[in-house]
Amino acid sequence: MARIFSGIQPSGELHIGNYLGAVKNWVTLQHTAESIFCIVDYHAITGSYKPDLLRARRRDMALGLLAAGIDPAVSTLFVQSDVPEHTELAWIFNSVTPLGELERQTQFKDKSQRMESVNAGILTYPILQAADILLYRADRVPVGEDQLQHLELSRVIARRWNAEFARDDDFFPEPQPVLTPTRRIMGLDGQAKMSKSMGNTIGLLESPEEIWSKLRPAVTDPKRIKKTDPGTPEVCNIYHLHKAFSPPATVEHVAVQCSTAGWGCIDCKKVLAESMESELVPIRARAAALRDDTAGVDGALAAGADRCRTLARETMRGVRERMGFD
Ligand code: SF4
């Protein structure tokens, strides 16, 4: 059975961008492949942060993932810092990665331009990502399009390390991307990708009232100024959310109503809110049960870390032996 690996930063409560862009796909994939999902807390410290908040966010993320449908009976969920081999392998990969390749990464260029002071972790972030994936010798990595360049770098690192140190075997497989079916989810401002740091999200576990208070003023087709103006669904983020949450017949109805000025944007958003409720009600219910079962959440993470430590030690034994460390 193929092995898949994917990680998510402990940014606190999951939002629907994380859910549609990654986690919903993981929930499906966990039944098709041996799946390892990681809360990548080492990746979360490249900017300033508060240790207590990191601790709380790690827990919230674990709870959110389990509530969203990650099932510890069929997949492995763990916290990255519980397996120190991630950073050991990242250090090793530092030594086979030219600086220029890191500097060419689009995400590094974007992030570093926005920062006053850039720490080395921002630059070497994709090396730690390569270590995360290759430590488990994963065959496939579910990713969004914006992560493809980093995954390509992981493949290059695997190839280069194999050429240098593997004997006749390809010790590290070159991981293949599994593109997430839902394209980039835009934020409610319609300007940027949905992201907690942009303040344009809807939390996966928010109440119907909180969701409506965010959906109601959300940006739509800017050319629809009056209810009688026909709109263009494809340019409207609400339409794309319908595609993610509403049944196909409703999506079709939305497109017709919008383009013929058959209804206003508030009518359209009310239907979206209903569709979202159908999907989110069971997730909220699972989250409520998990909040009362802290031992269950801790147990799932501990079991995941145990299994991953065993796999990681095995990989590192092979790495150390091939590199002359023992
Ligand atoms: Fe967007 Fe719906 Fe308004 Fe059309 S009617 S612009 S799809 S919110």
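Counting starts at 1 for both ligands and their atoms, following the listed order.
Using a 30° and 60° split on the angle between ring planes, F172 and W161 fall in the perpendicular class, above 60°.
Ion pairing between a basic and an acidic side chain is recognised when a charged N comes within 4.0 Å of a carboxylate O; D52 and R55 show such pairing. The existence of a salt bridge linking E85 and R320 is excluded, since no basic side-chain nitrogen approaches an acidic carboxylate oxygen closer than 4.0 Å. A salt bridge is absent between D267 and K270: the closest approach of a Lys/Arg side-chain nitrogen to an acidic carboxylate oxygen does not fall below 4.0 angstrom.
Applying the ring-ring contact (aromatic ring centres under 6.0 Å, His included) test to residues at least two apart or on different chains, the pairs with a partner in residues 135-154 are F5-Y136, F78-Y136, H86-Y136.
Looking at L63 and L205, their side chains come closer than 4.5 Å, going by heavy atoms from C-beta outward.
Residue-and-atom listing of protein N/O/S atoms under 2.8 Å from atom 1 (Fe) of ligand 1, sorted by chain and number: C236 SG.
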